Asks: 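Could you have a look at this structure, given as structure tokens, before my questions?
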Amino acid sequence: MTRHIPEIYAVGLTTPKALGEAAEAAFLAKVTSLGFGVSKTWGDSERYDFILDSGKRLWRVQVKSSRHFDGSRYIVKLKGAAAYTAEEIDFIVAYIVPENLWYVIPISVAALRGQMYVSPGGTRHFRHEKYREAWCQMACPRDEISPTRLLVKRQRDYPFDVCTLCNQKCPLHATRMELTRDRRGRWQKSTVLAQVRRDQRNRQQLRTV
């Protein structure tokens, strides 16, 4: 069950630094509620703001925020003094303050781009809406390299079944996930493998009776 998190508003803040600090405070509240371990970097030498621990992997995250609405979309700036690269960060997480929404943008999408647009309540720029609240990119049970059940265990109402980043409808609410490795040590992709194997064992037991 999701714990209630008080909304954090940057009331009376006027400088970019103060607004950024308010967004980082909101980010801390959000990711800790999802069950991630989180560490803040020391100083400003690194291009990422936080390191998230999913239990299987560490992710370098740069936090951005946007309050600029032009009537149909919000503008999210994706770079600082220079564009971010995959050698520097893994994700840009953008906080849309008036909507209290988060966009988890992988660096493969954000790299070399100055800005992007999101339309939470409209139809424009819908291609970016798949990144809205897409925290499962950092804690997906079907990840071949580093599968983790963090969000399943600590955030039971997380909407895996409506994740538009997945190629198939997530059956986590219907069957228990059991991840196994193949002969080469790679994680199996099949999400219903456990159920199939149980059915096979049951059929074999019936035949031997």
Side-chain angles (χ1 to χ4, degrees), residues 2-3 5 7-8 20 22-41 46-67 73-80 83-121 125-167 170 172:
T2 306
R3 296 184 180 89
I5 304 174
E7 295 182 356
I8 299 176
E24 289 184 359
F27 175 83
L28 279 169
K30 179 68 176 182
V31 296
T32 52
S33 76
L34 292 173
F36 288 100
V38 56
S39 298
K40 183 74 174 74
T41 58
E46 304 297 339
R47 301 212 70 194
Y48 52 87
D49 295 318
F50 295 93
I51 295 177
L52 291 192
D53 183 356
S54 71
K56 295 287 185 178
R57 243 188 107 166
L58 301 177
W59 302 100
R60 299 165 298 175
V61 176
Q62 168 65 222
V63 177
K64 299 290 185 182
S65 64
S66 177
R67 296 166 175 78
R73 63 188 183 180
Y74 289 93
I75 300 174
V76 178
K77 294 185 178 180
L78 299 180
K79 69 176 184 179
Y84 298 100
T85 68
E87 287 72 33
E88 298 168 328
I89 66 172
D90 299 304
F91 288 93
I92 290 178
V93 176
Y95 184 35
I96 310 302
V97 178
E99 307 286 341
N100 195 27
L101 292 176
W102 297 88
Y103 286 78
V104 185
I105 308 163
I107 189 57
S108 59
V109 174
L112 304 180
R113 297 182 60 180
Q115 61 188 26
M116 65 181 287
Y117 308 99
V118 297
S119 303
H125 308 286
F126 60 90
R127 65 184 178 276
H128 298 146
E129 292 307 305
K130 62 186 176 183
Y131 298 113
R132 187 199 303 180
E133 305 293 347
W135 302 98
C136 55
Q137 296 176 93
M138 303 183 198
C140 180
R142 289 198 297 274
D143 188 330
E144 295 181 64
I145 300 175
S146 301
T148 171
R149 291 178 57 83
L150 181 148
L151 293 180
V152 180
K153 292 179 179 178
R154 303 186 186 181
Q155 193 80 357
R156 295 185 178 182
D157 59 348
Y158 189 87
F160 281 104
D161 54 345
V162 297
C163 177
T164 55
L165 288 169
C166 298
N167 295 322
C170 182
L172 285 174

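Source: prediction; values computed, not measured. Only this structure's heavy atoms are used, side chains among them; waters, hydrogens and symmetry mates stay out.
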Asks: Within a strict 4.5 Å, meaning less than it, do heavy atoms of the Val109 and Tyr131 side chains meet?
Replies: yes

Asks: Who passes ring pair (Phe, Tyr, Trp, His ring centres under 6.0 Å) against Phe36, sequence neighbours left out?
Replies: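 Expected list: none.
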
Asks: Walk me through whether Gln115 and Val76 qualify under side chain to side chain contact (heavy atoms under 4.5 Å, CB included).
Replies: CA-CA 5 Å; Gln115 61 188 26; Val76 178; over 6 Å; no

Asks: Tell me every residue that passes salt bridge (Lys or Arg N to Asp or Glu O under 4.0 Å) with Glu133, counting only those two or more places apart in sequence or in another chain.
Replies: Lys30

Asks: Drop me the distance from Met116's CE to Ile75's CD1, to the nearest 0.5 angstrom.
Replies: 12.0 Å

Asks: Do Arg132 and Leu101 make a side-chain contact, defined as non-hydrogen atoms from C-beta onward lying under 4.5 Å apart?
Replies: yes

Asks: May I ask you to test the Ser66-Lys77 pair for a side-chain heavy-atom distance under 4.5 Å?
Replies: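 The answer is no; the side chains never approach within 4.5 Å.
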
Asks: Taking C-beta and beyond as the side chain, do Pro147 and Lys56 meet within less than 4.5 Å on heavy atoms?
Replies: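 The answer is no, as the side chains (C-beta and beyond) never meet within the 4.5 Å cut-off.
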
Asks: Quick one, Tyr84 with Ile107, criterion side chain to side chain contact (heavy atoms under 4.5 Å, CB included). Give me CA distance, side-chain angles, the key distance, then yes/no.
Replies: CA-CA 8 Å; Tyr84 298 100; Ile107 189 57; 3.8 Å; yes

Asks: Restricting to non-hydrogen atoms, name the atom on Pro98 and the atom on Arg67 that form the minimum distance, rounded to 0.1 Å.
Replies: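 Looking at all heavy atoms of both residues, the shortest contact is CD-CA, 4.1 Å.
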
Asks: Evaluate side chain to side chain contact (heavy atoms under 4.5 Å, CB included) for Asn100 paired with Tyr95, printing each intermediate quantity in order.
Replies: CA-CA 7 Å; Asn100 195 27; Tyr95 184 35; 2.8 Å; yes

Asks: Do Val38 and Asp53 come close enough that some side-chain heavy atom pair is under 4.5 Å?
Replies: no

Asks: Got a sec, which residues hit salt bridge (Lys or Arg N to Asp or Glu O under 4.0 Å) with Asp49, two or more places apart in sequence or on another chain?
Replies: none

Asks: Name all residues meeting the side-chain contact (heavy atoms from CB on, under 4.5 Å) criterion together with Arg57; count only those two or more places apart in sequence or in a different chain, and write none if there are none.
Replies: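 Result, side-chain contact (heavy atoms from CB on, under 4.5 Å) vs Arg57: Ser54, Trp59, Ser146.
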
Asks: May I have the step-by-step check of side-chain hydrogen bond (donor to acceptor under 3.5 Å, both in side chains) for Tyr74 and Glu99, ending in yes or no?
Replies: CA-CA 10 Å; Tyr74 289 93; Glu99 307 286 341; 2.8 Å; yes

Asks: Supply the atom-to-atom distance Leu58 CG to Met138 CE, rounded to the nearest 0.5 angstrom.
Replies: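 One finds 12.0 Å between CG of Leu58 and CE of Met138.
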
Asks: Nearest heavy-atom pair of Val104 and Gln137: which atoms, and what distance?
Replies: O-NE2, 2.8 Å

Asks: State the NZ-CD1 distance between Lys130 and Ile105, to the nearest 0.5 angstrom.
Replies: 11.5 Å

Asks: Taking only residues two or more places apart in sequence, or in another chain, which ones meet Thr41 in a side-chain contact (heavy atoms from CB on, under 4.5 Å)?
Replies: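 Checked Thr41 against side-chain contact (heavy atoms from CB on, under 4.5 Å); matches are Tyr48.
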
Asks: Given side chain to side chain contact (heavy atoms under 4.5 Å, CB included), test Leu52 with Phe91 step by step and report yes or no.
Replies: CA-CA 10 Å; Leu52 291 192; Phe91 288 93; over 6 Å; no

Asks: So do Asp90 and Val61 actually touch side chain to side chain, heavy atoms under 4.5 Å?
Replies: no

Asks: Verify the distance criterion only: is there a donor paired with an acceptor across the side chains of Glu129 and Tyr103 at less than 3.5 Å?
Replies: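 Present: a donor and an acceptor within the cut-off.
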
Asks: By ring pair (Phe, Tyr, Trp, His ring centres under 6.0 Å), which residues pair with Phe50, not counting sequence neighbours?
Replies: Phe27

Asks: Only one of Gln62, Arg47, Arg60 forms a side-chain hydrogen bond (donor to acceptor under 3.5 Å, both in side chains) with Glu88, so which one is it?
Replies: Arg47

